[in-house]
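Keep in mind that what you see is a predicted model, and the values were worked out from it rather than measured.
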Amino acid sequence: MKKIFLIFILAYAFTGMAFAGAFGFQKGMTYDQVKEACGGREPEKIKEGIYVIVPLKPHPYFTSYIAWIDEKEGLNYIKAIGADIETNGYGIEVRSKYDDLESAISKTYGKCERMDTLMPDSIWDDPKYWMESIENKERYFFTSWTKESGAMLPKDMVGIYMGICANSSLSGYICLEYE
C-alpha cells in the first residue's frame, strides 16, 4: 500500500494528460468501459477520478495499475507499477528487466531518449552505489518516447515514460506511464 500511495503522489502531478491504448484500454473510455475491460471488476477509487484497476491484459512485470478517468473526457492516463525486483547495488537485475522492456516498447513506438542523471556532488557516485543513488533521489533514471524525440506515437498520445524507483539499495521496481 505504501508503494501505491507513493506512486499516486508522484503521478498526481501528471493529471489531465492524453492517453492511447495499452493493457487493453483506449483513450476516452468511460468508467463503465474501463470496468468492462477489467472483466467486470469495479475500479477502486483512490481520489475523485483516480482509480486502481486490474486489467485483463496485465504485463508480467507490473502488479498495480492506476487510471485517471475524467467524467467528461473518459480515460486519459494510465500508470503501471512494477513488481519488486531484488538486485545488487549496481542495479543489474532491475536494469536488465528495464532494458528488455525498453527494447520491446521501442519496437512498437520507435526512437526513445534515456536519461541517467546523477546529481552534482552526490556521494553515491561509485557504480556499486547505483541503487543507493536512486533510493536517495540523487539519481534519476528514465526513458521517454515523445514525438519531439522521434517516437512514432498515435495522434492522441503525448508520450510514454518509464523509470526505475528504489525500495532500498537492494530492491527496485519499474514504473511505466502512458500520457
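- In this structure, K97 and Y61 have side chains that are in contact, with non-hydrogen atoms separated by less than 4.5 Å.
- A continuous path of Ile, Leu, Val, Met, Phe, Trp and Tyr side chains, each step under 4.5 Å between heavy atoms, connects I78 with I105, placing both in one hydrophobic cluster.
- The line from OG of S64 to OH of Y173 is 10.0 Å long, rounded to the nearest 0.5 Å.
- Note that CE of M119 and NZ of K137 are 12.5 Å apart. Values are rounded to the nearest 0.5 Å.
- Applying the ring-ring contact (aromatic ring centres under 6.0 Å, His included) rule to W130 yields the partners F141; only residues at least two apart in sequence or on another chain are considered.
- Partner Y51 forms a side chain to side chain contact (heavy atoms under 4.5 Å, CB included) with one of E42, E44, K35, K45 and no other, that one being K45.
- For the pair L75 and W68, the minimum side-chain heavy-atom distance is 4.5 Å or more.
- Around atom NZ of K111, no more than 12 heavy atoms belonging to other residues, nucleotides or ligands sit under 6.0 Å away.
- In this structure, Y129 shares a hydrophobic cluster with I123, W124, the cluster being traced through Ile, Leu, Val, Met, Phe, Trp and Tyr side chains under 4.5 angstrom apart.
- Ion pairing of D99 with R114 is present here, as a side-chain N (NZ or NE/NH1/NH2) and a carboxylate O approach within less than 4.0 Å.
- Under the 3.5 Å distance criterion, with hydrogens and angles disregarded, no donor-acceptor pair is assigned to the side chains of S169 and E135.
- Using a 4.5 Å cut-off between side-chain heavy atoms of Ile, Leu, Val, Met, Phe, Trp and Tyr, with links allowed through other members, V52 and Y77 fall into the same hydrophobic cluster.
- With a 4.5 Å cut-off on side-chain heavy atoms, Y65 and F23 count as touching.
- In this structure, T63 and G82 approach most closely via the heavy-atom pair OG1-O, 3.8 Å.
- Shown here for C165 and C175, the closest heavy-atom pair between the two residues is SG-SG, 4.1 Å.
- For the atom pair CH2 (W145) and CE (M162), the distance works out to 4.0 Å, reported to the nearest 0.5 Å.
- To the nearest 0.5 Å, the span separating CG on L118 from CZ on R139 amounts to 4.5 Å.
- Within the 4.5 Å cutoff, the side chain of M152 has no heavy atoms near those of the T108 side chain.
- If you check the side chains of Y98 and T143, you find a donor sitting under 3.5 Å from an acceptor.
- Taking all atoms of both residues into account, the shortest heavy-atom contact from V94 to G172 is CG2-C, 4.1 Å.
- In plain terms, the two heavy atoms of F62 and L176 that are nearest each other are CZ-CB, 3.8 Å.
- I69 is not connected to V54 by any chain of hydrophobic side-chain contacts under 4.5 Å among Ile, Leu, Val, Met, Phe, Trp and Tyr, and they are in different clusters.
- A donor-acceptor pair under 3.5 Å links the side-chain atoms of T87 to the main chain of E93, judged by distance alone.
- With hydrogens and angles ignored, the 3.5 Å screen pairs a side-chain donor or acceptor of N88 with a backbone N or O of I92.
- When side chains are defined from C-beta on, I53 counts as touching F25, because their heavy atoms get closer than 4.5 Å.
- Checking side-chain atoms of N136 against main-chain N and O of E138 turns up no donor-acceptor pair under 3.5 Å.
- In this structure, S171 and I85 have side chains that are not in contact, with every pair of non-hydrogen atoms separated by 4.5 Å or more.
- Remark: T30 OG1 to D70 CG distance equals 12.0 Å, nearest 0.5 Å.
- At a threshold of 4.5 Å between non-hydrogen side-chain atoms, the residues Y109 and I160 count as touching.
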Quiz item: Would L101 and H59 satisfy side-chain contact (heavy atoms from CB on, under 4.5 Å), going step by step from the backbone distance to the final call?
Solution: CA-CA 10 Å; L101 191 54; H59 187 282; 3.8 Å; yes

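- By the 4.5 Å heavy-atom criterion applied to side chains, I174 and I81 are not counted as neighbours.
- A donor-acceptor pair shorter than 3.5 Å can be found between the side chains of T146 and S149.
- Legend: residues meeting side chain to side chain contact (heavy atoms under 4.5 Å, CB included) with L170, ordered by chain and number and at least two apart, are S168.
- Going from atom OH of Y161 over to atom NZ of K79 covers 12.0 Å, rounded to the nearest 0.5 Å.
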